Amino acid sequence: MKLNFFFIRSMSIIMMLILTAVSLILGLVMFYVSMTITGQKFFFPWLLFGDVLIPLALFIPAIIFRNRYCATAAVIVSFINIFMRMMSIFVFYETFMPLDYNSLRLLLEHTDMESVKTILGSNFLLWVIPAILLYLGMVTYCSMLVWKTADKTSRKVSSRSLKIFSILLGLSLLSNTAFQIVGFHTSTDNYLSIRPLPLIVADITQQSLSALYHGHIYTPVPLPDSSRQLLAEMKIIDPPGTEHIPAAAVFDKIIIIAVESLDYDFIGISNADMPLGITPNLDHYSTGFFSMTNYYTSSQPTSWGLTSILLSRVDYDRDRYMNPVSLFTLAKDQGYYTYYFSAASGHFGDNRRTYGSLFKADKQMFREEWQRKYPIRSTSQWGLSDNDLYKCILQEFEADKKQKFIAVISPVDTHPPYADHGALPDALRMRFPTPFLQALHSTDRELGRFIRALMADPDFYDDRTLIIITADHTATFGENYLQRSDFTPGRVPLILICKNQEILADINPEKFASSIDLPPTIARWIGSVPATTFMGRDLASDKNHAITRLFNDTLIFYGPDGIWSVPTAEYNESDPRQKAVCDFFYSFYGRPQ
């Protein structure tokens, strides 16, 4: 009888202790999973106690004042915490993404639950719904049990119980505060997975509101007719009334290799100051196939440059909130499978989620995905070596061949600090004595091997295959071969490799163009039409300007008549040309606030 009375009297305390212990265990599991995936070796004590802040804050007054409302609320919140932590462990283990607003949006944004089906299986509802109902039943039972027994607790609260819970509450408050002070919740999400749950909930709320706020700010405005007419005369946009009629697709397989920081003047044949033989493969492809001489990156650094290549846009920051149409989306509508392959970590810059939401590839793989699937032991500071990346991609193509596909590849070996994973012979090290030159030569060597492997496979390289060599953006310095003192976008290569070069006969290789002009061109080649959100024009059009953007929203135009720039925030309103250009920018990104 005494034993029964003890359990009835202390049921709330026992329940809370059990739930707290489960939360601590799950915290340890989350730490272990995060450490395994990200390679972090540090111990994070704030994760152990951080999750139980709200339940303990509710339960302490419950046992002091014998308040069944607070006790029941504490139990319900504890079960919610346990569910969220279990979900955070599962999501991070399966997708390498931490649990927050961007991850949830990415997983749920497809109306057919495509992402969720990929992780849980196509028949996931058959087991997920019963599991949720069982969990809800457990929550209901425990809540009712605490509700019935909370007021049966002795009026005299056990000082030992109160001290235990007060210490746990203090540790939880300290852990949340310490995490904020240390500042590990940064733009890179290596540490986002190990945040305490109160911070996760706060960030999801804040990010949801921020997305609504920014989406309201970045609202395109209609292009005035006067500016439209002038822009058409300047050949920046299509003439009014132009209708794009889809033509038959001419390529079934398109592989775009966006080499990291590959300036046009890094190619030996393009710059007499470069050491002899530095880029023999790029030299060969530049002279043996179609190559443009006045092709510019539209924006930089990498995320901005890739946005230009895939979205025909120039402002990655705004585009993250505006959800413009991707080249991959157009391709999928035409029956193409789409890949995005990166050598870098998906945690860097939160690229896994941002690129997934922006680019919308059917399959995207970063360093973590490569290392999970293939026996890759060593990586550079930035990620996989070009050698490992290209080998893995060849296996992906071999194991998952599609009749039609578009693939974008982003290697990293030419990013400082430069890495050469190929062990250059001593003679070549003497000829190319700096890390930059060695990395550039190594990049050229691996690129040549990869392209030769593709061209040797008749299932890949046929009359309907196109291989594109370009760069995500230009380099800032590149030793002393550019002497560039700022990050102004410059020339990058655009080499088009295909068996039937007559397909490219309508493009002038000496015209001025930039990376925003590539997506509209590819759209035509795959039997689609440019999206209305594309800022560029087809390379075969009469446009003869390369449009680039600086971080301060200044647009720079390169053309046969020279260089001119327009600061969109402070343009000369009396100049019709400047006004038209600013209206062009506003029609995609809205006016400055």
Side-chain angles (χ1 to χ4, degrees), residues 231-239 242 244 246-247 250-251 254 256-259 262 264 290-300 304-316 319 324-331 359 406 408 466-474 489-498 503-549 555-561 563-564 566 581 584-585 587-589:
L231 289 168
E233 293 174 5
M234 298 166 65
K235 301 179 181 179
I236 294 174
I237 65 172
D238 292 322
T242 298
H244 293 279
V250 295
F251 293 116
I254 300 176
I256 304 171
I257 307 169
V259 182
L262 182 63
Y264 179 82
F290 181 92
S291 177
M292 295 194 69
T293 56
N294 291 301
Y295 183 78
Y296 290 71
T297 180
S298 292
S299 191
Q300 56 189 49
W304 284 256
L306 291 172
T307 296
S308 297
I309 292 172
L310 276 166
L311 274 64
S312 187
R313 310 271 291 191
V314 296
D315 192 338
Y316 168 77
D319 289 330
V325 176
S326 166
L327 174 64
F328 282 160
T329 302
L330 298 183
F359 302 160
I406 293 181
V408 172
L466 173 65
I467 301 172
I468 300 175
I469 303 174
T470 185
D472 55 355
H473 56 80
T474 44
R491 288 192 301 173
V492 294
L494 182 67
I495 304 170
L496 308 178
I497 301 172
C498 61
I503 294 176
L504 313 175
D506 55 358
I507 304 175
N508 179 359
E510 296 181 356
K511 73 179 296 185
F512 285 81
S514 60
S515 49
I516 59 172
D517 300 317
L518 186 59
T521 309
I522 295 177
R524 171 170 60 89
W525 287 337
I526 63 175
S528 184
V529 296
T532 57
T533 58
F534 284 5
M535 299 180 72
R537 289 186 70 190
D538 194 323
L539 289 170
S541 70
D542 58 358
K543 177 184 177 183
N544 198 12
H545 286 97
I547 302 177
T548 67
R549 171 188 170 269
L555 298 182
I556 301 177
F557 290 77
Y558 299 87
D561 299 327
I563 304 172
W564 58 286
V566 180
V581 168
F584 169 74
F585 185 76
S587 70
F588 291 98
Y589 291 113

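Keep in mind that this is a model prediction, so the values were computed, not measured.
Classified by interplanar angle (parallel below 30°, tilted 30° to 60°, perpendicular above 60°), the ring pair H545/F557 is perpendicular. Ring orientation note: the planes of F584 and F588 are nearly perpendicular, at an angle over 60° on the 30°/60° scale.
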* For I495 and I497, run side chain to side chain contact (heavy atoms under 4.5 Å, CB included): C-alpha distance rounded to whole Å, both residues' side-chain angles, the deciding distance at 0.1 Å, then the answer. => CA-CA 6 Å; I495 304 170; I497 301 172; 4.1 Å; yes

* Stepwise side chain to side chain contact (heavy atoms under 4.5 Å, CB included) test for M234 and V581 -> CA-CA 10 Å; M234 298 166 65; V581 168; 4.2 Å; yes

* To do: Start with the C-alpha gap between D517 and I547, add the side-chain angles, then the distance that decides, and say whether side chain to side chain contact (heavy atoms under 4.5 Å, CB included) holds.
  => CA-CA 9 Å; D517 300 317; I547 302 177; over 6 Å; no

* To do: List the steps, then state whether salt bridge (Lys or Arg N to Asp or Glu O under 4.0 Å) holds for D319 with R313.
  => CA-CA 8 Å; D319 289 330; R313 310 271 291 191; 2.9 Å; yes

* So D315 and R549, side chain to side chain contact (heavy atoms under 4.5 Å, CB included) or not? Walk me through it. -> CA-CA 8 Å; D315 192 338; R549 171 188 170 269; 3.2 Å; yes

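Between atom CD1 of residue I507 and atom OH of residue Y295 there is a gap of 10.0 Å, rounded to the nearest 0.5 Å. Rounded to the nearest 0.5 angstrom, F251 CZ and I468 CD1 are separated by 8.0 Å. Rounding to the nearest 0.5 angstrom, the gap separating the CG atom in D472 from the CD atom in Q300 is 8.5 Å. Distance check, rounded to the nearest 0.5 Å: CG of L330 to CG of L310 gives 11.0 Å. Between atom OG1 of residue T307 and atom CD1 of residue I516 there is a gap of 12.5 Å, rounded to the nearest 0.5 Å. Once rounded to the nearest 0.5 Å, the distance linking CD1 of I236 with CZ of R537 reads 9.5 Å.
Comment: K511 does not engage D542 in a salt bridge, judged by the lack of any side-chain N to carboxylate O separation of less than 4.0 angstrom.
With F359 as reference, L306 is the one residue of T329, L306, I309 to meet the side chain to side chain contact (heavy atoms under 4.5 Å, CB included) rule.
Side chains of S298 and S515: a donor-acceptor N/O pair is present below 3.5 angstrom, by distance only. Inspection of the D538 and H244 side chains reveals no N or O donor paired with an N or O acceptor under 3.5 Å.
Side-chain contact check for T297 versus S514: every heavy-atom pair is 4.5 Å or farther apart. A 4.5 Å side-chain heavy-atom check between S291 and P509 finds every atom pair outside the cut-off. In this structure the side chain of T533 never reaches within 4.5 angstrom of the side chain of L311, judged on heavy atoms. The shortest distance between side-chain heavy atoms of M292 and L539 falls below 4.5 Å. For the pair T548 and L555, the minimum side-chain heavy-atom distance is 4.5 Å or more. Residues L494 and Y264 have side chains not in contact (no heavy-atom distance under 4.5 Å, counting atoms from C-beta outward).
Residues V314 and S308 share a closest heavy-atom pair of CA-OG, 4.2 Å. What you find for L327 and P519 is that their closest heavy atoms are CD1-O, 3.9 Å. Annotation for P246 and G527: closest pair CB-O, 3.6 Å, computed over non-hydrogen atoms. In this structure, L262 and T470 approach most closely via the heavy-atom pair CD2-O, 4.4 Å. For the pair Y296 and P489, the tightest heavy-atom approach, listed with the atom from each and the gap, is CD2-O, 4.4 Å.
Between the side chain of T474 and the backbone N or O of G490 there is at least one donor-acceptor pair closer than 3.5 Å. Judged by distance alone, with hydrogens and angles left aside, the side-chain atoms of N294 form a donor-acceptor pair with the main-chain N or O of E510 at under 3.5 Å. Remark: the backbone N or O of W304 is not paired with any side-chain donor or acceptor of S299 at under 3.5 angstrom.
At least one test fails for R491 against the ring of Y558: distance under 6.0 Å to the centre or angle within 45° of the axis.
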